[in-house]
Amino acid sequence: MTGRSAMFNPWMAFLPNFLSNSVPNFMPQIHFPFSGAVNQNIAPEMDWFFSTIPSAAGNGPLEKKIFEQHSYGTQLDKLSEAVLAIAEHVKAESLDEVQTLLKLSIEIDQLKELAAEDLQKNLMQSIDSMKQSNPELLKQVLTKHI
């Protein structure tokens, strides 16, 4: 009777396939937060931007190379410095556009100073934490980087 009961068992039809891995796994894979791989590349993808530059307007791959070495912020900063220097040289500081650029430059410098202060604050907190938890590691880090 055991041979006959095995024949009528509905699971027996799936067992050979299940054992041979020829049937896909129907068990759902559930990943709770931070239970699986959590590393992620957060580098900005700028290919879409450079590929939209029409060939008549410029060279997308060349623009990308330039951007990788000199960001738009760096380029604009140098242009602003040059314009302000020329305006000072030709005594054109009173022009509204020059005043606007000067105010913008001052605001940007203030934002950079605040960012540097935040970075310093965070670094000091990290150093203090490392000093308490692992002073030997702190000595190694300081020796390597100073």
Side-chain angles (χ1 to χ4, degrees), residues 6 8-146:
F8 291 102
N9 186 344
W11 295 107
M12 291 306 291
F14 293 105
L15 188 59
N17 289 334
F18 179 74
L19 294 176
S20 69
N21 289 329
S22 64
V23 173
N25 184 0
F26 293 107
M27 296 296 294
Q29 294 186 5
I30 300 171
H31 295 283
F32 294 102
F34 303 111
S35 67
V38 293
N39 55 348
Q40 175 183 354
N41 182 7
I42 59 170
E45 292 290 332
M46 296 299 292
D47 291 338
W48 64 269
F49 176 77
F50 296 107
S51 65
T52 60
I53 298 173
S55 58
N59 184 341
L62 178 60
E63 290 289 332
K64 185 176 180 181
K65 280 184 180 180
I66 293 169
F67 177 77
E68 288 170 355
Q69 291 186 8
H70 309 285
S71 71
Y72 292 137
T74 302
Q75 294 176 44
L76 287 171
D77 186 43
K78 295 301 176 190
L79 283 170
S80 295
E81 288 175 7
V83 169
L84 291 173
I86 292 168
E88 184 179 332
H89 180 71
V90 297
K91 310 272 189 260
E93 299 99 352
S94 62
L95 290 175
D96 288 341
E97 295 83 7
V98 174
Q99 286 300 312
T100 303
L101 183 60
L102 186 57
K103 287 177 187 175
L104 181 67
S105 178
I106 291 169
E107 289 176 15
I108 290 170
D109 288 342
Q110 289 171 345
L111 289 172
K112 287 179 180 180
E113 287 177 22
L114 288 174
E117 290 171 6
D118 287 345
L119 180 63
Q120 180 184 7
K121 178 182 169 187
N122 292 337
L123 182 59
M124 294 306 290
Q125 288 174 346
S126 296
I127 288 173
D128 290 341
S129 175
M130 189 181 288
K131 185 178 182 180
Q132 290 176 356
S133 66
N134 195 339
E136 194 58 39
L137 180 61
L138 177 62
K139 287 180 187 176
Q140 291 174 7
V141 169
L142 292 176
T143 303
K144 183 178 178 181
H145 294 286
I146 295 182

Taking atom OH of Y72 and atom CD1 of I66, what is their separation to the nearest 0.5 Å?
-> 8.5 Å
For residues H70 and Q75, report the shortest heavy-atom separation together with the two atoms involved.
-> O-NE2, 2.7 Å
Nearest 0.5 Å please: distance from the CG atom of L95 over to the CG atom of L102.
-> 12.0 Å
Measure the OG-NZ distance between S126 and K131 for me, rounded to the nearest 0.5 Å.
-> 14.5 Å
Nearest heavy-atom contact between V141 and M130 is CG2-SD, 4.3 Å
Listed partners of S71 passing side chain to side chain donor-acceptor pair (under 3.5 Å), at least two apart = T74
What closest approach, in Å, do V98 and A92 show between heavy atoms, and which atom pair accounts for it?
-> CG2-O, 3.6 Å
Who pairs with K64 by side chain to side chain donor-acceptor pair (under 3.5 Å), at least two apart in sequence or on another chain?
-> D47
Under 3.5 Å: donor-acceptor pair, side chain of T143, backbone of K139 = yes
Looking only at heavy atoms, the pair that brings S80 and L101 closest together is OG-CD1, 3.6 Å
Taking side chain as C-beta onward, heavy atoms only, is D77 less than 4.5 Å from K112?
-> yes
Would one find more than 12 heavy atoms of other residues, nucleotides or ligands at under 6.0 Å from atom CD of E88?
-> no
To the nearest 0.5 Å, what is the distance between CG (N59) and NZ (K65)?
-> 9.0 Å
Is the side chain of S129 donor-acceptor paired with the backbone N or O of Q125 at a distance under 3.5 Å, no angle test?
-> no
Out of curiosity, E117 CD to N122 CG, how far, rounded to the nearest 0.5 Å?
-> 12.0 Å
Between CG of D109 and CG of L104, what distance do you get to the nearest 0.5 Å?
-> 9.5 Å
Crowded around Q120 CD? As in, over 12 foreign heavy atoms under 6.0 Å?
-> no
